[in-house]
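Written out below as structure tokens is the structure these notes cover.
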Amino acid sequence: MKQKIDSIINSMRLSRLEKTLRKINEYSTKFESFTDEALQQKTSDFKQRLKDGKVTLNQLLPEAYAVAREASRRVLGMYPKEVQVLGAIALHEGNIAEMQTGEGKTLTATMPLYLNALTGRGAFLITTNDYLAKRDFLEMKPLYEWLGLTSALGFVDIPDYEYKKGEKKAIFNHDIIYTTNGRLGFDYLIDHLADHIDDKFLPDLNFGIIDEVDSIILDAAQTPLVISGAPRVQSNLFNITKGFVDTLVEDEHFEMKKSKKEIWLTEKGIQAANDYFNVENIYGEKYFDLVRNINLALRARHLFESNYDYFINNGEVVLIDRITGRMLPGTKLQSGLHQAIEAKEDVEISRDLSVMATITFQNLFKQFDEFSGMTGTGKSGEAEFFDLYAKVVIQIPTDKPIQRIDYKDRVFLNINIKNKAIIEEVKRLHEAQRPVLLITRTAEVAKYFSTQLFQMDIPNNLLIAQNVAKEAQMIAEAGQLAAVTVATSMAGRGTDIKLDRKVHELGGLAVIISEHMENSRVDNQLRGRAGRQGDPGTSQVFISLDDFLVQRWGETALNKNKQLQSMDNSKLEHSRVFQRRVHKVVTRAQRVSEEQGVAMREIANEHEKSISIQRDLVYKERDKVLSLKNVDDFNLQSLARDVFKEDFILKHNQITESLLLDYIYKNISFKFDGDLSTINITNKSEVLEFLMEQFNKQLSENKAQLKDDYFHLRFTQKSILKAIDSGWINQVDNLQQLKGSVNNRQNGQRNAIFEYHKVALESFEYMGSKIKGNVVKNLCQSIITYDDGDLVIHFP
Ligand code: ADP
């Protein structure tokens, strides 16, 4: 029923797009006969009309798309098909366009990129890795150039490349940029650490198209991008709290929702903590760090499992990518969690770095005025796309009907029997000369199959996500006669598998998946490797009760089922009922896994809400400071007045000479030797005016040391930025730590998020006043020197 309604809604959406398509087709016919020059002339015409306000982008769309379409025939030798044009319209409107593998998303994106770049405000294509960004850019660049627009790869493709001054700015000065989500995210963060307007390089993010949008926004969204700063003061609590947590009993001292990665102390647990640490109430203000560490230790102990979430490798905790099962050396969990796991595993505790700047991908894309996404598997993520961004998924029909057959899962009791069957199946297909793509969850399993196959004299290519470019080439060959390719799920993504002619007759590529992945969307991505552009092909998943998903999420269902536990394989092989039961256990486990993914992203998003509101405010303020051109525009007088009032005057009931002196020394001038007898110290407004006088005196002394207006401006800017940045960096790090601590505050379970936002807001207000105070301090107490004619400021 739901499917039916979905399909009706989708056809309604499509029929709206089709109306526009007809207009485009009319223009297309007309432009066929244009000379190259006349067609190329269109770009500047469009630009002019937009500039003069004569048309909107929406009005221009049909004509502009027809121009881009005709140009791509002439330049690239490819004429965008109607389904591609439909996808292109959906993309301009800011939707998620679901287009199957091989339908030509790269070419589709050129139309909305061209249209949106006509405003001169830039357009981005964002994809998952450097290789794909570069490949797509190089392929499409001639088209944009022919049309009179500029385009660039958003980065220099050399490892650890050091950008020269102004180089990034030059890159982003192009009309159309191809880059990756990771690169863009870091660029965004770095851009907002610039302390001179000329060092800023990123334009306003106007329009972006995200390729493989579900991978980027949903699958890869758990861990935010982080720029690390100084090492944090190391806590010695990791081992101490670990000792405590080891004494606790589930359901008595703590409860947990494993699927949501939530764990908290019960009343009894809190009492136990009070006793253990000999404190009155661990939730008292001063035990913040202790509680945080107890929580970290609890999570490390019960929510993270060795060999599932991480391995111990040479005495180090190495994380595992939950989707691909790949090891992620060098990646660390944030805010002490990594250290807590190290304590749990009794390995050396590594340094915990503070967080300087951070953003999630979800929020990165919210910085765009408009963005859209394309993917082969958008539909099953629709609810999340809608919740997050109010975006709908439009399913674009394929150019030719899909011929791929997705066979029912094959069911086995355990891993050994299953693996044997997989190998037999590969052998059978190989003997018939059909190409086989065998996909596994982890590199280890891929290696195992590859070796087994070699031993049976079946040559095969092994792809375990190591060298993206090489893999792309290898996977491109996976459709040749009798080719056998063993790959992990990530390997060779985004690369088209073309079939040998003879392979068509044999039934196309056979995709065999050695177990279900963390969510069915990834399964579908994998199935989609076969049957591109109306090719024949098949896909089939092999499952068993030893599969990762079952071990991870399905144990309870399995344990409850006594019959399944005592079953032997011969029974299973011959009983459909048992097969169905096993299948049910596996599907259920996958559903739990999917729900857990959604829940984790929800929590991450909730946390990010506070950070992102605050980040926007701070970044705006920063940008304002950077763009001011005149010291008088800063309104330092009223700022200083506020600071003196809040930090000093209102803080003391009675002001004494020694209090005042102390404040002046610490905040305005440590060389102060003025006369306090001239003022009436009991009169607060007089004291305030006196402070203002001292402040202004100090400012003019500083000004005298600054060679000219430019240096004066730079000094003022830098003093303010320094205060903002240290305040903000501190706050980001606080928030990061707060995430981990808040969800097991007392009674906190239901209100954890509320509590988080509340504390986040309080600390933000505190940060604000701290920043203002530091601005005054920086302006007054910095030491100004010159190095080679350049201003060097030593901040207090
Ligand atoms: P997707 O990203 O949707 O899987 P690609 O963009 O990689 O697909 O394109 C698949 C293949 O189809 C590429 O070889 C591309 O050059 C080709 N192609 C795309 N559109 C057209 C077209 N309109 N005419 C001819 N070939 C096309």
Listed partners of L202 passing side-chain contact (heavy atoms from CB on, under 4.5 Å), at least two apart: F172, L184, D187, Y188, D191, L205
Q473: partners by side-chain contact (heavy atoms from CB on, under 4.5 Å), with sequence neighbours left out: E477
Check side-chain hydrogen bond (donor to acceptor under 3.5 Å, both in side chains) between [X] and all other residues, then give those that pass, not counting sequence neighbours.
X	result
R121	N206, D369
S627	none
D211	none

Test applied, side-chain contact (heavy atoms from CB on, under 4.5 Å); reference residue, D399; option that passes from Q533, Q84, E103: E103
Test side-chain contact (heavy atoms from CB on, under 4.5 Å) applied to N181 and I216, N129, T127, I210, the passing residue: I216
Geometric cation-pi criterion, K718 with F795: 6.0 Å, 45°: no
Geometric class of the Y178/F137 ring pair [parallel <30°, tilted 30-60°, perpendicular >60°]: tilted
Aromatic plane relationship, F368 with F365 - under 30° parallel, 30 to 60° tilted, over 60° perpendicular: parallel
Side-chain donor or acceptor of Q100 paired with backbone N/O of R532 under 3.5 Å: no
Any donor-acceptor N/O pair, D199 side chain to D195 backbone, under 3.5 Å: no
Exceeds 12 heavy-atom contacts within 6.0 angstrom, atom OH of Y79: yes
More than 12 heavy atoms from other groups under 6.0 Å of CG on D198: yes
Flag the pair [X] and [Y] as a salt bridge only when some basic side-chain nitrogen lies within less than 4.0 angstrom of an acidic carboxylate oxygen.
X	Y	answer
E70	R74	yes
K42	E63	yes
R601	E608	no

Partner set under salt bridge (charged side-chain N to carboxylate O under 4.0 Å, His left out) for E382, not counting sequence neighbours: R13, K379
Q367 versus Y619, side-chain donor and acceptor atoms under 3.5 Å: no
